[in-house]
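Heads up: the structure comes next, in structure tokens.
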Amino acid sequence: MEMLRVEHIVKQYAGHRALDDISITTQKGEIFGLLGPNGAGKTSLIRIINQITGPDSGKVFLEGREIERSDIEYIGYLPEERGLYKKMKVRDQVMYFARLKGLSKSDAKRKLDEWFEKFEITSWYDKKVEELSKGMAQKIQFIITVLHQPKLLILDEPFSGFDPINTELIKKEILEMKKNGTSIMLSTHNMNSVEEICDSIALIDNAKVIVNGSLKDVKKQFRSHTYAVQFRGMMFGFANALFADFSLVHSEQIDDDTAVAHVKLLKENSLNDLLRTVMPVVEIESVNEIIPSMHDIFIQAVTDNEKSRRDLFLNEKGGSNE
Amino acid sequence: MSKIGLVIGREYTSRVKKKSFLILTLLVPVLMAGMGFLAVWLGMENDKHQKVLVSDPRNLCDAKIYIGQDENPPATFYFTQEMVYREDFETMEKYKDYDVFIALDPDVITNKTINGLVREKISSNTERYIAKKLEMRLEEYFAIDEGIPLDKYRKIKQSYKFNTSLVGDDPEDLGCNPAEIGQGVGLGFSVMIYIFLMVYGGMVMRGVMEEKQGRVVEVIVSSVRPFDLMFGKIIGIGLVGLTQFLIWFGVVFILMIVVQPMFIDQMAVSQMDLGTQMIPEDVAAQMAEMNCIYAALYDYINWPMLLIMFVIYFVGGYLLYGSLFAIVGAAADSEADTQQLVIPIMIPLTFVYILSFSMIGDPESSTAIWGSYVPLSSPIIMLQRIGSGTVLIWEVIISLVILAGTFIFTTYLAGKVYRVGILMYGKKATWKEIFKWMKHK
């Protein structure tokens, strides 16, 4: 079931286009990774979803219907640029934000107690934020984001500035919320956490979506058809056998008669073809496909995108000279 | 409660609950009263009883000075027929106990000059007393010398008072111009409005900037419309100001009730004295002035109207300037940025403030009339005209309509700038950029 759908969003700022025809869809109960280099337009998109700013054109749908002002109460947002009122007491502060999200006084109070008991921080109630350590303030910030039980949770760089202990804690809470049916949109540069918790992703670069889909599909899309083959026998013989149909990307001798070779399939060849080719010369111990990490995919996609833009730019320039 | 109500509530309570608010609110009236008492006390300190030595070789005064029954003289006169010179008084041991020395020259009657020598500076009150007593004594001598009855002489000698009144004014009011006093009171309110526009406008600016600097703003605007946040902040802080006024008005109201009997006492004394014979004319003039102030304060000035208008103009002016200050707060990235950005707001405000002093005595000058319509100046200038009682009700209405129209417009613009500015981190906007934001869709 669809949770959020963004259709053909365009946002123009003086001098540059922050979002250029962006369309993405997220499903209920999934963790969606919104990725992209700095300045790609992620925060602009998130602000539009949160109705902090409006798009120049395009629409946002929540659970299948066009988003309204009141829907803000179903969204929890942890911005990258975040902070709290330093002079305000923790309890007053959490209550204030909860009530701004539409909770009644008694509901807010109940939820506040629940979360503070869960995090074992009830002794902080009457402390001012400026008296708290950074890690403590981060917990409060997180509670403020989720207290009103949002259907859609948007976290912009949730792990930046959090210490490893808090990062683990937050990760655990995110997964638990997912289990309870909350949809989560995660914008981050931390590719490890993307691999770990995201179900699908969209990669934005230069105001456009360049990669989009489930994590599995994206990985499939970026597979390089390269396999790690561990074998017993001579590397020389192995390399010779490959000939023109496969390319040896990398090789490594493990001990006297065991080696690992990374082989890329060329042309229409399959893994079976590769195995058939090398089986006569060596004894195969194991074969694994080398799956690209999100880190690699990110770098490759952005680099390719830049290259094609540069080419396009040069072509246009060349064309106009003629 | 609506979201804007929540914002107002937070802005209000977070400030009113502060100790500094309580201290300031209570301290200011106490400080003002304290300063008043200090001035009185310092004045009294100078009024040390003076011993006056009068060297009167021709015995013009016959060693006599008239002192009234109920008088509490600040000085005592001692006469000597010896010719005492300045140097003698300065150096000789036997004159050491005297504080003031006066030599009545033989020709004092003709040249009408009395020279005195004091060991320490004396208060002007005491000086006037000494001069008055000697003058009256010498007048007696002079009248007798010339063979004129004393009362006839005094009658002839009395100077003429010159009063002007406006066409259409009550001729009974001669010599007392409560309109001027009213305008003065109005000016007092103008000054208060000026100070409060600065204080509370500045508070709005800092409030906006703190939210931006503390990065809390993006968290809030994901729940509240930026405009509601800004407007709630302006209203909340304005209510803090009104609360402060309410407390101060209460204190002043109580003080006025306490002070009123003192005025009545003064009047009673002056009437009693008039019944008896000799009231020196300057004392009489002083009393008349007191009575005039009394009449202006308690009868002439329409206090309810003035106070209501004060609140209305404060609110109007505050909404106008508050929204402008909010623009600066949203555009600035640090306290230092605001100093530069705030200049275009401070210049008109301060100019109007200075201008308002030039209007005293002339509440119907064209500057005053124009100033009371132009929205940037009307909150400060109109109160003077209201205080003086010269303004017509439709003039006030027009001025208020213009003011309201302007603050609605500036608030609208501020909302646009605010929406963009609060999310622009890391750099100060220029006024050029601010104008560009105003044009944003």
Side-chain angles (χ1 to χ4, degrees), chain A residues 11-15 43-44 46-47 49-57 69-89 92-93 95-105 108 128-130 137 140-142 144-145 147-148 150 152-154 156 161, chain B residues 1-15 17-21 206-229 232-233 236 333 416 418-426 429-430 432-441:
Chain A
K11 180 80 183 173
Q12 182 83 33
Y13 288 115
T43 300
S44 294
I46 289 176
R47 282 180 181 167
I49 297 169
N50 274 296
Q51 302 181 67
I52 293 171
T53 51
D56 295 336
S57 65
R69 183 68 211 170
S70 56
D71 288 329
I72 209 78
E73 288 170 7
Y74 302 125
I75 302 177
Y77 174 39
L78 180 70
E80 185 178 7
E81 297 282 2
R82 52 186 172 247
L84 299 165
Y85 288 110
K86 291 190 180 63
K87 307 259 177 215
M88 215 171 164
K89 281 185 186 160
D92 296 345
Q93 186 134 218
M95 285 292 284
Y96 177 58
F97 282 109
R99 301 213 51 209
L100 282 182
K101 280 291 185 190
L103 255 58
S104 72
K105 208 169 187 171
K128 283 183 182 166
V129 169
E130 61 188 357
I140 304 292
Q141 191 99 50
F142 183 76
I144 283 173
T145 313
L147 192 86
H148 60 291
L152 175 63
L153 186 61
I154 301 177
D156 197 351
Chain B
M1 209 196 299
S2 74
K3 288 182 183 177
I4 198 163
L6 286 168
V7 176
I8 293 172
R10 197 204 82 84
E11 297 294 336
Y12 180 79
T13 47
S14 71
R15 285 180 174 78
K17 272 190 192 163
K18 264 191 207 163
K19 280 194 200 87
S20 57
F21 173 81
R206 271 193 308 281
V208 171
M209 212 183 52
E210 272 163 16
E211 277 177 356
K212 191 177 159 178
Q213 269 182 332
R215 298 293 192 258
V216 68
V217 70
E218 194 156 348
V219 182
I220 312 170
V221 292
S222 66
S223 314
V224 188
R225 276 197 191 89
F227 183 85
D228 291 355
L229 176 63
K233 183 180 283 295
D333 198 54
K416 294 199 137 199
Y418 188 82
R419 204 184 53 186
V420 184
I422 49 169
L423 299 175
M424 290 270 176
Y425 307 117
T430 61
K432 198 176 148 195
E433 281 171 294
I434 293 174
F435 284 119
K436 214 182 275 170
W437 296 346
M438 285 177 187
K439 283 185 260 171
H440 265 214
K441 189 172 56 126

(request) Could you look at B:V420 and say if it's the side chain, the backbone, both or neither that has a heavy atom under 4.5 Å from chain A? (result)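 It is neither, since no heavy atom gets under 4.5 Å.
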(message) Need one label for B:S222: side chain, backbone, both or neither, based on atoms under 4.5 Å from any heavy atom in chain A.
(response)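 It is both, since atoms from each part get that close.
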(request) Please say whether more than 12 non-hydrogen atoms of neighbouring residues, nucleotides or ligands are located less than 6.0 Å from OH in A:Y74. (result)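 No.
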Can you tell me which portion of [X] sits under 4.5 Å from chain B's heavy atoms? Options are side chain, backbone, both or neither.
{"X": "A:E80", "value": "neither"}
{"X": "A:Q51", "value": "neither"}
{"X": "A:L84", "value": "backbone"}

Heavy-atom donor-acceptor pair, [X] side chain to [Y] backbone, under 3.5 Å:
{"X": "A:R47", "Y": "A:T43", "value": "no"}
{"X": "A:Q93", "Y": "A:Y85", "value": "yes"}
{"X": "A:H148", "Y": "A:A108", "value": "no"}

(request) Could you tell me which residues satisfy salt bridge (charged side-chain N to carboxylate O under 4.0 Å, His left out) with A:R82, sequence neighbours excluded, listed by chain and number? (result)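 So A:R82 forms no salt bridge (charged side-chain N to carboxylate O under 4.0 Å, His left out) with any residue.
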(message) I want to check something: taking the side chain as every heavy atom from C-beta on, are A:K86 and A:K128 in contact at a cut-off of under 4.5 Å?
(response)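 No - every pair of side-chain heavy atoms lies 4.5 Å or more apart.
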(request) May I ask you to test the B:E218-A:N50 pair for a side-chain heavy-atom distance under 4.5 Å? (result)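 No, side chains not in contact.
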(message) If you apply the rule side chain to side chain contact (heavy atoms under 4.5 Å, CB included), what do you find for A:I72 with A:K101, and how did you get there?
(response) CA-CA 7 Å; A:I72 209 78; A:K101 280 291 185 190; 4.1 Å; yes
(message) Heavy-atom pairs under 4.5 Å with chain B: which of A:L78, A:L100, A:I75 has the most?
(response)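 The residue among A:L78, A:L100, A:I75 with the greatest pair count is A:L100.
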(message) Sub-4.5 Å heavy-atom contacts with chain A: which residues of residues 206-214 of chain B show up?
(response)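 B:E211, B:G214, listed by number.
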